[in-house]
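Worksheet: the structure to be examined is printed underneath.
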Amino acid sequence: MRSSRGISRCGWFYLICGFGFGSALPSAAHHLKVLVIPLVFVMIYIMIIPTKPRDFAKVVKSPVEVLLGTFMIIIAAPVI
């Protein structure tokens, strides 16, 4: 079930729990930051698994969207 903002109720729960954990136990949360990069890698890898070679051919037809997405991932996301 999705809410009006696009985040499920379960997603809100985990988001609030994560911020709560980080606020209540900053020293424990600090040790978990080493897991951020490996977990992001796993998430991206899992998203790429169902991608077919013909999907990559579609990238050539829409380079603006690809460049915009790359910009958002590399520049905008870390700033936010």
Side-chain angles (χ1 to χ4, degrees):
M1 177 184 307
R2 296 186 73 83
S3 70
S4 61
R5 297 271 181 197
I7 298 176
S8 68
R9 290 181 186 170
C10 186
W12 280 111
F13 172 75
Y14 289 123
L15 186 67
I16 291 168
C17 286
F19 279 117
F21 177 75
S23 299
L25 303 167
S27 61
H30 177 73
H31 294 295
L32 294 175
K33 74 178 188 177
V34 299
L35 297 175
V36 171
I37 298 298
L39 290 176
V40 168
F41 175 78
V42 169
M43 287 184 342
I44 292 172
Y45 179 73
I46 290 172
M47 289 187 306
I48 291 176
I49 288 174
T51 306
K52 297 172 182 64
R54 67 176 174 232
D55 294 335
F56 290 107
K58 294 177 185 176
V59 171
V60 177
K61 297 177 184 176
S62 58
V64 175
E65 288 86 357
V66 173
L67 292 174
L68 183 62
T70 304
F71 170 78
M72 295 301 260
I73 290 169
I74 294 174
I75 306 295
V79 172
I80 295 173

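Values reported hereafter were calculated over all heavy atoms of this structure, with side chains retained and with hydrogens, waters and symmetry mates removed. Keep in mind that this is a model prediction, so the values were computed, not measured. Here, residue 1 is the first one in the sequence, and each next residue gets the next number.
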Next on the checklist: A28: which residues meet the side chain to side chain contact (heavy atoms under 4.5 Å, CB included) condition with it, sequence neighbours left out?
Outcome noted: F21, L25
Checklist outcome for this item: For K52, the side chain to side chain contact (heavy atoms under 4.5 Å, CB included) test, sequence neighbours excluded, returns R54, D55
Checklist entry - Linking Ile, Leu, Val, Met, Phe, Trp and Tyr by side-chain heavy atoms under 4.5 Å, what else ends up with L67? => result none
Checklist entry - Closest heavy-atom contact between S62 and E65? => result CB-OE1, 3.0 Å
Item to check | Any residue meeting side chain to side chain contact (heavy atoms under 4.5 Å, CB included) with L35, in chain and number order, not counting sequence neighbours | outcome: L32, L39
Item to check | Remaining members of hydrophobic cluster (4.5 Å side-chain criterion), L68 | outcome: none
Checklist entry - What residues, two or more places apart in sequence or in another chain, satisfy side chain to side chain contact (heavy atoms under 4.5 Å, CB included) together with V42? => result I46
